[in-house]
Number of protein chains: 2
Amino acid sequence: MNRRQIKSVRRFNREVTRRLGVLSNSFLGRGRPLSEARLLYEIGIRGAEVRDLRTRLELDSGYLSRLLRSLERQGLVRRMQARDDARATTAKLTQKGQSELKTLNRLSDHYAASVLGPLSQDQRERLVASMEEVERLMRAAAVQIAPADPRSPGARASLKAYFRELKDRFEHGFDARKSITADPEELTPPNGYLLLASLDGATIGCGALKIKDRRIGEVKRMWVAPEARGLKIGERLLTALETCALAAGLRTLRLETNRALKEAQQLYRRSGYREVAPFNTEPYAHHWFEKHLGPRPRKPSTDRP
Amino acid sequence: MNRRQIKSVRRFNREVTRRLGVLSNSFLGRGRPLSEARLLYEIGIRGAEVRDLRTRLELDSGYLSRLLRSLERQGLVRRMQARDDARATTAKLTQKGQSELKTLNRLSDHYAASVLGPLSQDQRERLVASMEEVERLMRAAAVQIAPADPRSPGARASLKAYFRELKDRFEHGFDARKSITADPEELTPPNGYLLLASLDGATIGCGALKIKDRRIGEVKRMWVAPEARGLKIGERLLTALETCALAAGLRTLRLETNRALKEAQQLYRRSGYREVAPFNTEPYAHHWFEKHLGPRPRKPSTDRP
DNA sequence: ACTTTTATCTGACTATAGTCAGCAAATGAA
DNA sequence: TTCATTTGCTGACTATAGTCAGATAAAAGT
């Protein structure tokens, strides 16, 4: 990355926060603190559990409780205990709260219209397209990759989703018991590693390294959530696994994959993996790949797991 | 503008403010309130007049004074009276303030680098390009067009810049005394109109309408500041003038222009003006244009002057 | 039965970001 | 000269957005 790019990002930050700040104050802030407005918005028509609100808005539990109480006093929100877990609280909008939310939505629409209004049709299209690109890429940049315990909730959730997808996509389904293992203890250092990709606290991908012997590692469990595809997260996971492998002294990585997973094969080929003769008897595999690692990780990524 | 575009703008607003907010807090907010950091940044190495700071940051004079006092107490800023106007105060950074500013700049750079860091080279280029487009178009959307008194400071400044540019660009220079008049009283309702385009309080363009008789108007003084070109402000000024003209009951608009002003001619042709035989003896003109106004203004713009 | 964890609430406190009325000096126009 | 305006300062006030330590109670583990 260079000076020009950094300058451009800083400039964007400065200008856009200023413009958005002024507008969102004048539109959303009408009579209601922004935090309350956001909270109403986040509760939504269907209601939400308070713990979800806390993680989504990243609020202190005390602060959130106070905000909810304030909304309750204004008659906009009703709090009720969840049936299954009496500790958990669910917040729902009252009739009044729902009409308030509609007003907020209308104001937000007006705000957006005020941005688009002065522009020509052509400019509007270009602005919207660029906004979508910025949002997508800032989301991509916010994805974090970090090693995790294979038994942690995030790990289990992503592995479950991974198996589910294999079952859906393989022509004869998928049964983990018939496949070569990659059990939790095999993915825990020093036997191996599991890396999770997460975005805003939610796990959206995984990738594992199983150390076979002192020289050879196997890449397993490569998966990215459908909603996060196209952000190059597979590349980053793979690069991070290679960094892990190098750090562990490995010189060769191997992997096998099913013919249904076209995009995975593309990723491996792009990343310098060469197809080789089968090196195991994995029943679900149609292609086997191998890569010899250089002394240093490749340049594009700066992940340090 | 349609639902899809509005949704996209709202989504951008929500996501980007959240992401930028988190980051700018964690980077710029280290130990120093954001408003103080912004103020230091705005004062800059060369110092700045307090009144300029107030308009640029849109701060209450009391609040700004307090912020400056706080920075002064911390030994970062020195306040001194301006020589020419003893009411005005100039704020300058002390040695310590300058090194603090350098630290802030370094932190800002780190913040930008943290956004770009996880992305591939290709993604970085695309992000930066989209950011520039968003910024440019949001700036364009923030431009306001409004009628103004031809004697107001903004009007005089833009007319002066306009004459200056004509003088530079016309092959034989330009002398307003030899040209057909468009004096302040001719551009004041009901004799005519002067519209100013402004961005964040600064005047960046003008356009005038001189009403010749009850049916025919003349477009004069069309100018956009060089730094604001490419944002379709000329189009908006012209459309707004046409709206004015229609409201005043005019059915025909005329204008003349010099051959050096290629982009102006393009604008007029694009906007439906047809070249006609000379209708006056303006010595600096090479092309004469005319447009018959329909009963309603064209669609793209929503300016209502 | 017990400890630990999870989910929320409460009170007390702080920081940040303003707003507003009024004052005073300097300036500029009538 | 007079008087309105500009410019900045001060004190008093408010709103917003938190943070933190501890209380409480249900649920889950052991």
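Here is how names work: the chains are called A, B, and so on, in the same order as the sequence lines, proteins then strands, and each is numbered from 1.
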For residues [X] and [Y], report the shortest heavy-atom separation together with the two atoms involved.
X        : Y        : value
B/Val50  : B/Leu68  : CG2-CD1, 3.8 Å
A/Arg54  : A/Leu59  : CG-O, 2.9 Å
A/Leu159 : A/Pro150 : CD1-O, 4.5 Å
B/Cys206 : B/Leu237 : O-CD1, 3.4 Å

Whole angstroms only, please: what is the [atom1]-[atom2] distance between [X] and [N]?
X       : N      : atom1 : atom2 : result
A/Leu64 : C/dT8  : CG    : P     : 8 Å
A/Leu68 : D/dA17 : CG    : C1'   : 15 Å
A/Arg73 : C/dC9  : CZ    : P     : 13 Å
B/Leu71 : D/dG8  : CG    : C1'   : 16 Å
A/Leu67 : C/dC9  : CG    : P     : 12 Å

Do the side-chain N or O atoms of A/Arg69 get closer than 4.0 angstrom to the phosphate oxygens (OP1, OP2) of C/dT8?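 So the side-chain polar atoms of A/Arg69 never come under 4.0 Å of the phosphate oxygens OP1 or OP2 of C/dT8.
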
Would you say a side-chain N or O of B/Ser35 is under 4.0 Å from OP1 or OP2 of C/dT16?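 False: B/Ser35 side-chain N/O out of range (4.0 Å or more) of C/dT16 OP1/OP2.
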
Please answer whether the main-chain N or O of A/Leu76 pairs with a side-chain N or O of A/Thr94 as donor and acceptor at a distance below 3.5 Å.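 Yes: the side chain of A/Thr94 pairs with the backbone of A/Leu76.
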
Expected output: side-chain A/Ser70 to main-chain A/Arg66 donor-acceptor under 3.5 Å: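 Checked: no pair found.
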
Nucleotide nearest A/Leu34 when distance is taken to its side chain, options D/dA17, C/dT16, D/dG8: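 Given the options D/dA17, C/dT16, D/dG8, the side chain of A/Leu34 is closest to D/dA17.
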
Please determine, for the side chain of A/Ser65, which listed nucleotide (C/dT10, C/dA17, D/dC9) has the closest atom?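 Shortest atom-to-atom distance from the side chain points to C/dT10.
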
Reported CZ-to-OG1 distance for the pair A/Arg32 and A/Thr103, which is rounded to 0.5 angstrom: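 Rounded to the nearest 0.5 Å, the CZ-OG1 separation comes out at 9.0 Å.
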
May I have the step-by-step check of side chain to side chain donor-acceptor pair (under 3.5 Å) for A/Gln95 and A/Ser99, ending in yes or no? CA-CA 6 Å; A/Gln95 209 59 27; A/Ser99 80; over 6 Å; no

Tabulated below should be each protein N or O lying under 3.5 Å from an N or O of nucleotides 19-30 of chain C; please produce it.
from	atom 1	to	atom 2	distance (Å)
C/dT27	OP1	B/Ala86	N	3.1

What verdict does the side chain to side chain donor-acceptor pair (under 3.5 Å) test give for B/Glu36 and B/Gln74, after you've listed the backbone C-alpha separation in whole Å, the side-chain angles of each residue and the deciding distance to 0.1 Å? CA-CA 11 Å; B/Glu36 283 187 14; B/Gln74 294 169 61; 3.3 Å; yes

For residues 41-57 of chain A, which residues have at least one heavy atom under 4.0 Å from DNA chain C?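 Residues of residues 41-57 of chain A under 4.0 Å from DNA chain C: A/Val50, A/Arg51, A/Arg54.
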
